Colleague: 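Take a look at the following structure, please.
This structure is a prediction, so every number in the text was calculated from the model and none was measured. Below, read A as the first sequence line, B as the second, and so on, with proteins coming before strands; counting in each chain starts at 1. Values below: every heavy atom of this structure, side chains too, minus hydrogens, waters and symmetry copies.
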Protein chains: 2
Amino acid sequence: MRDNQQDGTVGKALDVLEMVAARAPVRFSDLMAQGGYPKATLYRLLQTLTHQGMLAYDEARGSYSLGLRLVRLAHGAWSQSALAPLARQVLDRLAQATGETVHLAQMDQGQVLYVDKRNATRPVEMFSQAGKVGPAYCTGVGKAMLAFMKDAALTEALARQSFHRFTAHTLDASALRAELETIRQRGYAFDREEHEAGIICVAVPILTGLGRMIGALSVTSSTARSSLPGLEAQVPALQQAASDIGAEAESWRFPESS
Amino acid sequence: MRDNQQDGTVGKALDVLEMVAARAPVRFSDLMAQGGYPKATLYRLLQTLTHQGMLAYDEARGSYSLGLRLVRLAHGAWSQSALAPLARQVLDRLAQATGETVHLAQMDQGQVLYVDKRNATRPVEMFSQAGKVGPAYCTGVGKAMLAFMKDAALTEALARQSFHRFTAHTLDASALRAELETIRQRGYAFDREEHEAGIICVAVPILTGLGRMIGALSVTSSTARSSLPGLEAQVPALQQAASDIGAEAESWRFPESS
DNA sequence: TCAAATGGTTCCATTATTTGAAACTAAGTC
DNA sequence: GACTTAGTTTCAAATAATGGAACCATTTGA
C-alpha cells in the first residue's frame, strides 16, 4: 500500500483511505504501526477524512472504517462507468441463455474489478458482489483482459501481480506470458481451477470497434456441473454478448489501468 | 455544492469530486463555469484525482466521470458499514413475509442513503439501487430517521433539506416538524405519496439498545396494490425486523450525519 | 485565408497549508 | 505513585498549493 507515488496531499489522504480499507475496522495505533506516516500527520489525515465522511469513526471501539459517502459516490461511478449500465440487458440475456453465473469485469490498477454479476442458481446478491476485486493472473476475466491490453499497460499490470499459488493449477509468471499469447490468438481464456479448486470458467474480452479492450465477460461453472469443453460451447454466445457491448461502447475510453 | 467547509486541500479535492459526480460526464469548461475555483487550480485537482483513479477522463469526449476506484472502495465501505451485511438475512425474511419491496437506509449528510433493497416483484437490480440517495423530508425512511435523531444532528439535517414540492402531498418545513413529533410517539412513519405520486410506504427506525438511531427499514407499495391501512398491518413485522437488527448492532456507532 | 475567440495547459514567484518533533494529556499497569 | 501506552495539540520550519498571466492548439466566423 505504501507504493503510491505521492500526488501531494490528496495522494497521501487516499493512501490512508486504502490503508483503512485494507484492514478495517482498524485503530489508530494499528495504522501507526504499519504505516510510513508520522503520528501527527496520520492523525490529521484521519481527522480530515472522517470529517468529510470518507471514513467513519466508531467511538465505542476507537476504530476507523470506510465511510458511507463512498457508497453514494460509487453509485455514481457505477452508473457512469458506461460499461455496467450499458451491459445490463446483455448480461440478463447471457445468464438466461447459459443458465450459469455470469460476470462483467473491468481492470482497476492491475486487479480485476467485478462491476456486475448474474447468478443463475441462487437469488442475486446486491452490492456484495459488484465492487469485489480479484487477481488478474489466475481468473478467466483477468487473463482475457491482460491478453488484450496494450504493451505499456500490460507491463505495468504484470508488475503488480503477486502470483500467489492458490491451487495446484495456478500459473506462474512465465506460464502466464505463454498463455496470454494463446489467448490472444484464440480470442478467449479459460480458468482451469487456477483460482479456486472446482471452479472453472471461460472469458472473453470486450473490445471496441477500434480494438481497445474495455472489460471482460465470463461464464463460470464448477467441475461438478460442467467441464471445459462444456463451457467452450458457450463461447459463441459470450462473444456475441461482448461484441454487442463493444459496439455500443465504441466512443468510450477505458480508463488507464495506472 | 460549494457549501463545503474546506478541510484544506483534501476538502477541495472532494468538493471537485462531488462536482463531477453531480453532472458527469462533464467537461473542464463546464466545471470552470459553475465552480468557484480558478482555472489552474481546478485543472490540477482534476489531474490529481484522475491520476489517482478517483476520476476517469474520456479522451474522446474530453469529459470527466467518476472513477472505478470508488466502486472498489465502496464495496469495502458497504461490507464494513456493519448495518448492511448484518441486515441481509433479516431483509430477505421481511421481503418474503410481506411480499413487497423492502428498503434499508442510513443517513448520509442529511440525505437518505439506500444501502440495500429487496424487490419482491421484479428480479433484483444490483448496485444500481444500493448507493442511491433520496430526500429525507419526504420519504418514509427519511422521516423515520429524522424523528429519532438527536437534536444537534436533526437541526443540521433539517437545514440541509430543500423542501422541493414533488407532489401535492409533499410536506413543508413546519408540517414536517409537526409530523416528526407524531412519528416519534407512534414509532413509525408513513409516506403518503409525498415523494412520488402513487407510491406509499411505512418505515420504522432501527434503534440500538441504547436508543441510538442507526438506520431505517421500509416496506413500499403503490396505491394500486395496497393502501395505508394495508401497509400499517406490516408494522409489527417491520418492528420485529428493526429490533433484530438493532440488537445485533448494539455496540456499533452510527457515523455522525455531519 | 486570416484574425479572433475559445478551451486547455504550463510557468513561477507568492502564499498558505502541511509537516512532524516534541511537549502534553488521559488512561491504564504494575 | 511512578511508568508505560495511546491519543491530541503546539509551533516554527519545510513544503506544496495557488492563481495571474503567458502560452498553445483548435475552432469560429468574417
Colleague: Mapping A:V10 and A:D30 onto DNA chain D by nearest heavy atom, which one lands closer to the 5' end?
Modeller: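 It is A:D30, whose closest nucleotide lies nearer the 5' terminus.
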
Colleague: Salt-bridged, B:K150 to B:E156, with N to O below 4.0 Å?
Modeller: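 No, B:K150 and B:E156 are not salt-bridged.
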
Colleague: Within a reach of under 6.0 Å around CZ of A:R184, are more than 12 heavy atoms found that belong to other residues, nucleotides or ligands?
Modeller: yes

Colleague: Going by atom types only, do A:Y37 and A:D15 share a side-chain donor-acceptor pair under 3.5 Å?
Modeller: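 Indeed, the side chains of A:Y37 and A:D15 share at least one donor-acceptor pair under 3.5 Å.
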
Colleague: Please confirm whether any donor atom in the side chain of B:K39 sits under 3.5 Å from an acceptor in the base of C:dG8, or the reverse.
Modeller: yes

Colleague: State, without any angle test, whether B:D30 and B:Q34 hold a side-chain donor-acceptor pair at a distance under 3.5 Å.
Modeller: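 B:D30 vs B:Q34: no donor-acceptor pair found between side chains.
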
Colleague: Identify whether the distance between the nearest side-chain nitrogen and carboxylate oxygen of B:R23 and B:E18 falls below 4.0 Å.
Modeller: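 No salt bridge links B:R23 with B:E18.
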
Colleague: Measure the distance from NE2 on B:H51 to C1' on C:dT9 and round it to the nearest whole Å.
Modeller: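 Computing the B:H51:NE2 to C:dT9:C1' distance gives 17 Å.
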
Colleague: Could you state the atom-to-atom distance from CG of B:L49 to P of D:dA17 in whole Å?
Modeller: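 Whole-Å distance recorded here is 12 Å.
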
Colleague: What is the distance, to the nearest angstrom, from the CG atom on B:L46 to the P atom on C:dG8?
Modeller: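 Rounded to the whole Å, the gap is 10 Å.
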
Colleague: Rounded to the nearest Å, what distance is computed from the OH atom of residue B:Y64 to the P atom of nucleotide C:dG7?
Modeller: 15 Å

Colleague: Between P on D:dA17 and CG on B:D7, what's the gap in Å once rounded to a whole number?
Modeller: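 Rounded to the whole Å, the gap is 16 Å.
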
Colleague: Between C:dA21 atom C1' and A:L42 atom CG, what is the distance in whole Å?
Modeller: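 It is 16 Å, rounded to the nearest whole Å.
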
Colleague: Could one point to a donor on the side chain of B:R27 or the base of C:dG8 with an acceptor on the other under 3.5 Å away?
Modeller: no

Colleague: Considering only C:dT10, C:dG20, D:dA17, which nucleotide approaches the side chain of A:T9 most closely?
Modeller: D:dA17

Colleague: Using the closest heavy atom to pick a nucleotide of DNA chain D for each, name whichever of A:R44 or B:A40 lands nearer the 5' end.
Modeller: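 Its nucleotide being nearer the 5' end, the pick is A:R44.
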
Colleague: For B:Y37 and C:dG8, give me the distance from atom OH to atom P, rounded to whole Å.
Modeller: 19 Å

Colleague: Check this one for me: any side-chain N or O of A:Y43 less than 4.0 Å away from OP1 or OP2 of D:dG7?
Modeller: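 A:Y43 to D:dG7 OP1/OP2: no side-chain N or O under 4.0 Å.
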
Colleague: What contact category does A:K12 fall into here, base, sugar-phosphate, or nothing, at under 4.0 angstrom with non-hydrogen atoms?
Modeller: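 Result for A:K12 = sugar-phosphate.
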
Colleague: What is the separation between atom CD on B:Q47 and atom C1' on D:dA17, rounded to the nearest whole Å?
Modeller: 14 Å

Colleague: Given D:dA17, D:dT9, C:dG8, which nucleotide is nearest the side-chain atoms of B:F28?
Modeller: C:dG8

Colleague: According to a strict under-4.0 Å criterion, is A:S29 in side-chain N/O contact with OP1 or OP2 of D:dT5?
Modeller: no

Colleague: Give one of base, sugar-phosphate or nothing for B:T41, where a contact means two heavy atoms less than 4.0 Å apart.
Modeller: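 Base, at least one base heavy atom under 4.0 Å.
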
